[in-house]
Amino acid sequence: MTLKDIALECGVSMMTVSNVISGNHKKVSKQTIEKVNAVIKKYDFVPNLMARTLSSKSSHLILLVTPYVKTQELDSIYNQYLTELIASIERELMENSYYVLLRSVYEPKEIEVMYKTWNIDGAIFLLPFFNETIEQIPDYQNKNFVLIDSYADIKGVAYSRCDDYQGCFLATEHLIQNGHKKIIFAAEHEGNLLLEKRFRGYHDALKKHGIDFTPDMCRPIVPNYEGGLEFGRSINRDTLNFTAIVSTSDLCSMGIMRGASENGIKCPNDFSIIGFDNLSIDEFTVPKLTSIDQQISLKGKKAVEQLLNKINKTEKENVASIETKLIERESVKKI
């Protein structure tokens, strides 16, 4: 069974059959769609996706790009975050009759190969490691790209990100409203555009409430579980010169709580902490982690909307900024 066979049995053109299969129903009547789908079901027809990709203008394939991660360190930063983000993107693309091609890459030329091999309609870059990569891709201005979590300013590229500044402002202000004044920021932010936004939110919240910032209030740790664990293990009765922590990662927060507990320093009795991400596993930590919800699913949905707008040439704005929310659980103590 081929497209030609289906077209002959339905009395329509091969292009009409192709449009029905690809979900392009604008020029196809409801009656014809039902007729074609009935024949497809009758013969259990499965379209040759590779053939369609090579021969048509649109493959309905979207490339999801992650950096090739060699180290456990980088992998642990984004593991569950990426899982939740990819799930939301795949769900949204499926509802719009697109297929997902997930790929980890070493360098820009691999992305160009994917475009030539699969006739990709567009790409979503899932991490901000690609800020300097896009412009190295040949003819990138004429390709459809969306960057997630990036603050790069690249012409012709769309962005989906949360309001990172607002997130850490909310976290810091919540701690202040609960009586905390000795609040540290746990992340090495210098040189990282995203973390600099979060640090600025923390800093400005302190300033708003008349709390002076000193350099020792920023602890330059890697914001992953291992970095948090190492820092947590450095906390003891002699080094506990703060009452609260603003973290930029839920996994980092979990590492801090675990490491500190090994020295008998317990959250929230000895210190409070607020994470960032609002991962589903926050409900299973002890104590349950208060966190900034960056609405991961909505971020993925907005990324797909941005990309489809570019594909359909209906782009209205190139940045989707997602509001952050404070989710209160058990890791903040009022003092």
Side-chain angles (χ1 to χ4, degrees), residues 22-24 57-67 78 81-105 107-116 118-167 192-198 277 293-324:
S22 64
N24 185 12
K57 292 182 180 180
S58 174
S59 64
H60 276 245
L61 272 177
I62 301 300
L63 176 64
L64 301 190
V65 187
T66 66
Y78 295 105
Y81 169 73
L82 271 183
T83 299
E84 295 186 19
L85 183 60
I86 290 172
S88 69
I89 291 172
E90 198 277 335
R91 181 171 57 249
E92 191 68 18
L93 286 172
M94 180 175 63
E95 290 178 358
N96 285 276
S97 302
Y98 280 85
Y99 299 88
V100 172
L101 188 59
L102 179 63
R103 183 74 173 183
S104 296
V105 301
E107 50 191 17
K109 67 180 182 181
E110 295 183 46
I111 299 170
E112 180 66 11
V113 171
M114 297 298 291
Y115 266 87
K116 291 180 178 178
W118 292 92
N119 187 26
I120 303 297
D121 284 354
I124 299 176
F125 292 76
L126 298 175
L127 299 176
F129 292 95
F130 298 101
N131 290 345
E132 300 176 0
T133 296
I134 296 293
E135 292 174 311
Q136 299 177 43
I137 300 172
D139 196 31
Y140 79 91
Q141 299 94 335
N142 295 317
K143 293 182 172 67
N144 300 311
F145 291 129
V146 174
L147 281 173
I148 290 182
D149 293 336
S150 172
Y151 284 89
D153 185 16
I154 305 172
K155 185 177 181 180
V157 177
Y159 301 86
S160 178
R161 61 196 183 218
C162 75
D163 190 336
D164 294 285
Y165 172 92
Q166 177 199 40
N192 184 311
L193 296 178
L194 183 148
L195 292 182
E196 285 181 356
K197 291 285 185 181
R198 295 184 184 181
D277 289 330
D293 181 11
Q294 59 168 310
Q295 303 193 77
I296 297 172
S297 292
L298 180 57
K299 182 189 289 186
K301 180 178 180 179
K302 288 295 184 180
V304 173
E305 289 180 3
Q306 292 283 85
L307 185 60
L308 296 185
N309 285 340
K310 291 185 72 66
I311 291 172
N312 298 321
K313 303 188 185 305
T314 58
E315 185 177 7
K316 298 178 181 179
E317 57 182 4
N318 71 333
V319 177
S321 182
I322 312 300
E323 180 184 7
T324 53

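Below, all heavy atoms of this structure are taken into account, side chains as well, without hydrogens, waters or symmetry copies.
Within the 3.5 Å criterion, the main-chain N or O of S150 finds a donor-acceptor partner in the side chain of R161. Looking only at distances, a side-chain donor or acceptor of D293 sits under 3.5 Å from a matching main-chain atom of Q295.
Within the 4.5 Å cutoff, the side chain of V146 has no heavy atoms near those of the V304 side chain. Counting heavy atoms from C-beta on, the side chains of R103 and L64 never come closer than 4.5 Å. Contact check for L102 versus I86: side-chain heavy atoms found under the 4.5 Å cut-off. Counting heavy atoms from C-beta on, the side chains of L82 and L126 come closer than 4.5 Å. Between I111 and L63, some side-chain heavy-atom pair lies under the 4.5 Å cut-off. Inter-residue side-chain proximity for I322 and D163 is flagged as unmet; no heavy-atom pair is nearer than 4.5 Å. Residues N318 and V157 fail the side-chain proximity criterion, which asks for heavy atoms closer than 4.5 Å. Between L195 and R198 the shortest side-chain heavy-atom distance falls below 4.5 Å.
Here F125 and F145 bring their ring centres to under 6.0 angstrom of each other. For Y99 and H60, the ring centers are positioned 6.0 Å apart or more.
Between the side chains of T314 and N309, a donor-acceptor pair is found at a separation under 3.5 Å. Under the 3.5 Å distance criterion, with hydrogens and angles disregarded, a donor-acceptor pair is assigned to the side chains of D164 and Y151. Defined by atom type and a distance below 3.5 Å, a donor-acceptor pair is missing between the side-chain atoms of S160 and Q306.
In this structure, SG on C162 lies 8.5 Å from CG on D277, to the nearest 0.5 angstrom. The CD1 atom of I296 lies 7.0 Å from the CG atom of L85; values are rounded to the nearest 0.5 Å. For the atom pair NZ (K302) and CG (L307), the distance works out to 14.5 Å, reported to the nearest 0.5 Å. Once rounded to the nearest 0.5 Å, the distance linking CD of E305 with CD of E92 reads 6.0 Å. Expressed to the nearest 0.5 Å, how far OG1 of T66 lies from CD1 of I124 amounts to 13.0 Å. For the atom pair CG (L61) and CD1 (I120), the distance works out to 5.0 Å, reported to the nearest 0.5 Å.
Ion pair K299/D149 flagged as a salt bridge, since at least one NZ, NE, NH1 or NH2 atom sits closer than 4.0 Å to an Asp/Glu carboxylate oxygen. A salt bridge links K143 and E112; the closest N-O separation between the charged side-chain nitrogens and carboxylate oxygens is under 4.0 Å.
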Subject >> Worked check of side-chain hydrogen bond (donor to acceptor under 3.5 Å, both in side chains) between T324 and Q294 >> reply: CA-CA 5 Å; T324 53; Q294 59 168 310; over 6 Å; no
Subject >> CA sep, side-chain torsions, deciding dist, call: I62, I89, side chain to side chain contact (heavy atoms under 4.5 Å, CB included) >> reply: CA-CA 10 Å; I62 301 300; I89 291 172; over 6 Å; no
Original post:
side chain to side chain contact (heavy atoms under 4.5 Å, CB included) between L308 and N144: does it pass, once the steps are laid out?
Top reply: CA-CA 9 Å; L308 296 185; N144 300 311; over 6 Å; no
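Taking every heavy atom of both residues into account, A158 and K310 meet most closely at CB-CD, 3.8 Å. Taking every heavy atom of both residues into account, G300 and S88 meet most closely at CA-OG, 3.5 Å.
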